[in-house]
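Accompanying notes for the structure given below.
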Amino acid sequence: MPELTSDPATRGRYAPSPTGYLTVGNARTALLAWLDVRSRGGRFVLRLDDTDTARESVSAADICADLDALGLDWDEGWDVGGAHGPYETSKRSDRHRAVADDLIAGGAAYWDYTPAIADVSAHKAGRREAKAGRNVHRGTPDAVDGVDPVLRLRVPDAGRIEVVDRVYGKISVDVADVSEVALMRSDGRPTYHLASCVDDADMGVTSVVRGADWLNSLPQHVLVFRALGADVPAFAHVPLLVGKDGQKLSKRQGDLSIRHLIVDEGVPAGALCAYLANLGFEERSDLPTLTEMASTFDIGHLGKASPRYDPKKLEALSRRWLAERESSERLAAELRVRAPVELSDEQVAVLVDGVRTRIPTFAAAGDLAGFLGLDDSPGRDVTVLADDVVAPVLGTRPWDADALAAAIDAAVPAGPDRKARLGAFRDALAPGLRVTPPLHVMLAALGPDRAAARLAPT
RNA sequence: GCCCCCAUGGUCUAGCGGCCUAGGACGCCGCCCUCUCAAGGCGGAUGCCGCCGGUUCAAAUCCGGCUGGGGGCGCCA
C-alpha cells in the first residue's frame, strides 16, 4: 500500500449532534470526513454539536461508541481532549457571545424584534408565506416591549456570493436569495450557524465534510467566516442517501441505525464501511478496508446524485467480507457470543473455518452453530445409511475436519445413491435443520462420542 | 409558493464532443459442481444514456425548456 501523505496542517472534523444514534446516512458522512482527513495525513477532530439541548436523545458516549464500532479514530475530541477544546459547543457559549458582540459592532449582525414563529409544523406544512431572501426580517429593527430579540446575520444589499465546493463545484448565488439567518436565539444561546462557524475557525478546521442539506446555508456561513476575519475552510457537501424507492430515508426507522446493523444483525463493521464509504464512487472490485480506501481517496470524485441505500447490496458485500476479509479472531469471538450453546475452543476453531463462506452476517454464524444444541438421541435411518458406511467414518483418527471429509468421501463413493445417503447423514446429525455447516464440520465439532450417539441406528 | 441541487441497465457507477452499435462491478437468469445453505466455474439477459427542442460535420457528453427526485426557505441541526 502506498505511503500516505502526511500533512498535519489539514484539519477536518465531524460534528454530530446528539439527537439520535448514528444512522447509515450519518455514518457515511462521518466515514467520508474521516477518509478525507486520513488520506491527507491530517488531524481529525470530533466536536459535539449540542446547540439544541431540547432535541438531545442520546449521550455523547453513544456517539463515540458508534463511531468506534465503525473503526474510526480521532485525534482531538470531547472525550480525548486536545489543544483547541472544549469540544462541546454548549461549553463555548461565552466565546460565541463575545463573537456576537464583535459582529454587531462590525455591522455584520443586527437585533431583530420580530416575534418567533409560533407553530413550526403548521408553518412547514401549510402554504408557505415564508420568503427566502434578505431583508425579510429588517422590518422590526427597533426594540419592542416584551420581545427578546434574535440576532441576525446582515446580508449585503447587492452582489453575489461565490464559493467552490469540492463536490458540487462553483456555487454562485445572488444575495437576494440569501436569507438573514438567526445567529443567536432570543435566550442568548447561539444557533448552529454561528456556533459551527466560530468553532471551526477557532479549532483551525481547514476542511469541512457535511451533508448536502447544508448546501443552501453555505453562503451564509461564508459570510460569517468573512465577518470573523477567518479563512473559509474548504467545504465538501455530500449528497444525502435516499431509500429503496428513491424517496427520502426515514430517520424514524430504527433498523437504519448502525448500532442495530452491527449489534443486532451482526453486519461486520468492515463490510458496512466498505459499502457506505464506496457509495457515490466507482465501485471497486476488491473489498477495501478503511485504511486501504484512504490511500486513494479523493472526495472530488464523489457523485452529485443521491445514492440509494440498498440493504440487499449491503448483505451481498457483508457475505463477501466474511468470506474474504474478516479476521478469524473476530469471527471466533462473534461465534462464541451468538451461538445458542457454549462453545469449546476446538469447536470455535472448526466452525470458523467451516462457516465463513456461507454466512451473510455474524448472526447467521451463530445460527449455523445451532446443530450443536440439538439432542444427541439416535436418529439414523439404517435403510438408507448402513453401518458399514458409518463405522469407518466414526473410526476416523485423527478426528478433524480434513480427515473426516476424506473418510466420508471414501465411505460414500460417487454414485446414484450418494445424495440420498449423505442426506440421511445430515438428517441424523442435524434433524429438522434446514441450513447447517458441511457434514465433516458438524462431525468435527460434535466430537466422536456425540457424533456416534446421533449416528446410532434408530 | 419561492430558491438551490441532481438525473447512464434493478443498484453503485465509468464516460468530461468523434476511440461508445455506452465500459465495469453488484444483483438477476441459465448450466456445471454439490449433503442443506453458501462458495466456485462457465454462459446470458438487462440502457432508445428521463423527455422535448437547439448548437455542431459529429452529443450520453454543450445550451434551453419540461418532467421526476432531493435539499432549503425555523429563535432545528
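Naming convention: chains lettered A, B, ... in sequence-line order (proteins, then strands); numbering from 1 in each chain. Reckoned from all heavy atoms, side chains included, excluding hydrogens, waters and symmetry mates. Note that the coordinates shown come from a computational prediction; the quantities given were computed from them, not determined experimentally.
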Looking at [N], I'd like to know if its phosphate oxygens (OP1 or OP2) sit under 4.0 Å from a side-chain N or O belonging to [X].
| X | N | result |
| --- | --- | --- |
| A/Arg434 | B/A38 | no |
| A/Thr19 | B/A77 | no |
| A/Arg152 | B/C75 | yes |

Determine the interatomic distance between [atom1] on [N] and the same-named atom on [M]; round to the nearest Å.
| N | M | atom1 | value |
| --- | --- | --- | --- |
| B/G15 | B/U61 | C1' | 8 Å |
| B/A14 | B/G47 | C1' | 14 Å |
| B/G23 | B/C6 | P | 26 Å |
| B/A60 | B/U21 | P | 9 Å |
| B/C51 | B/U13 | C1' | 23 Å |
| B/A59 | B/G17 | P | 14 Å |
| B/G1 | B/A38 | P | 49 Å |
| B/G74 | B/G69 | P | 23 Å |

Identify, with sequence neighbours excluded, every residue that meets ring pair (Phe, Tyr, Trp, His ring centres under 6.0 Å) alongside A/Trp214. A/Tyr192
Partners passing ring pair (Phe, Tyr, Trp, His ring centres under 6.0 Å) against A/Phe297 (at least two apart in sequence or in another chain): A/Phe281
Base, sugar-phosphate alone, or nothing: which one does [X] contact when heavy atoms must sit under 4.0 Å apart?
| X | result |
| --- | --- |
| A/Pro438 | base |
| A/Leu279 | sugar-phosphate |
| A/Ala323 | nothing |
| A/Gly211 | nothing |
| A/Arg418 | sugar-phosphate |
| A/Asp148 | base |
| A/Phe425 | nothing |
| A/Ser285 | nothing |
| A/Lys419 | sugar-phosphate |
| A/Arg308 | sugar-phosphate |
| A/Thr436 | base |

Charged N to carboxylate O under 4.0 angstrom, A/Lys91 versus A/Asp199? no
Taking [Y]'s backbone N and O only, do any of them form a donor-acceptor pair with [X]'s side chain (distance below 3.5 Å, no angle check)?
| X | Y | value |
| --- | --- | --- |
| A/Arg47 | A/Arg13 | no |
| A/Gln220 | A/Ser179 | yes |
| A/Thr191 | A/Ala182 | yes |

Whom does [N] pair with, Watson-Crick or G-U wobble, provided both distances fall under 3.5 Å?
| N | result |
| --- | --- |
| B/C57 | B/G18 |
| B/G40 | B/C32 |
| B/C48 | none |
| B/G1 | B/C73 |
| B/G9 | none |

Which whole-number value in Å describes the distance from [X] [atom1] to [N] [atom2]?
| X | N | atom1 | atom2 | result |
| --- | --- | --- | --- | --- |
| A/Leu422 | B/U36 | CG | P | 9 Å |
| A/Trp321 | B/A39 | CH2 | P | 18 Å |
| A/Tyr110 | B/C75 | OH | C1' | 13 Å |
| A/Phe281 | B/G15 | CZ | P | 13 Å |
| A/Tyr309 | B/G69 | OH | C1' | 21 Å |
| A/Glu283 | B/G10 | CD | C1' | 13 Å |
| A/Ile359 | B/U36 | CD1 | C1' | 16 Å |
| A/Ile161 | B/C4 | CD1 | P | 14 Å |

Assess whether one donor atom and one acceptor atom, taken from the side chain of A/Asn216 and the base of B/G71, lie less than 3.5 Å apart. yes
Using only heavy-atom distances, decide whether a donor-acceptor pair under 3.5 angstrom links the side-chain of A/Arg358 to the base of B/C37. yes
Between [options], spot the one nearest the side chain of [X], thanks.
| X | options | result |
| --- | --- | --- |
| A/Ser17 | B/C12, B/A77, B/U36 | B/A77 |
| A/Ala182 | B/G71, B/C3, B/C75 | B/C75 |
| A/Asp177 | B/C35, B/C26, B/C3 | B/C3 |
| A/Arg185 | B/C76, B/C35, B/C26 | B/C76 |
| A/Thr191 | B/A77, B/A7, B/U13 | B/A77 |
| A/Tyr192 | B/C6, B/U36, B/A77 | B/A77 |
| A/Ser306 | B/G70, B/C37, B/A77 | B/G70 |

What's the verdict on side chain to side chain contact (heavy atoms under 4.5 Å, CB included) for A/His301 and A/Glu282, showing C-alpha distance, side-chain angles and the deciding distance? CA-CA 8 Å; A/His301 292 320; A/Glu282 182 166 18; over 6 Å; no
Between A/His193 and A/Lys170, which is nearer to the 5' end of RNA chain B once each is assigned its nearest nucleotide? A/Lys170
Most 5' of A/Leu439 and A/Lys304 on RNA chain B, judged by nearest nucleotide: A/Lys304
Any side-chain donor paired with an acceptor under 3.5 Å for A/Asn26 and A/Thr23? yes
Residue pair A/Ser196, A/Arg210: steps toward the side chain to side chain donor-acceptor pair (under 3.5 Å) verdict: CA-CA 12 Å; A/Ser196 172; A/Arg210 49 153 47 162; 4.6 Å; no
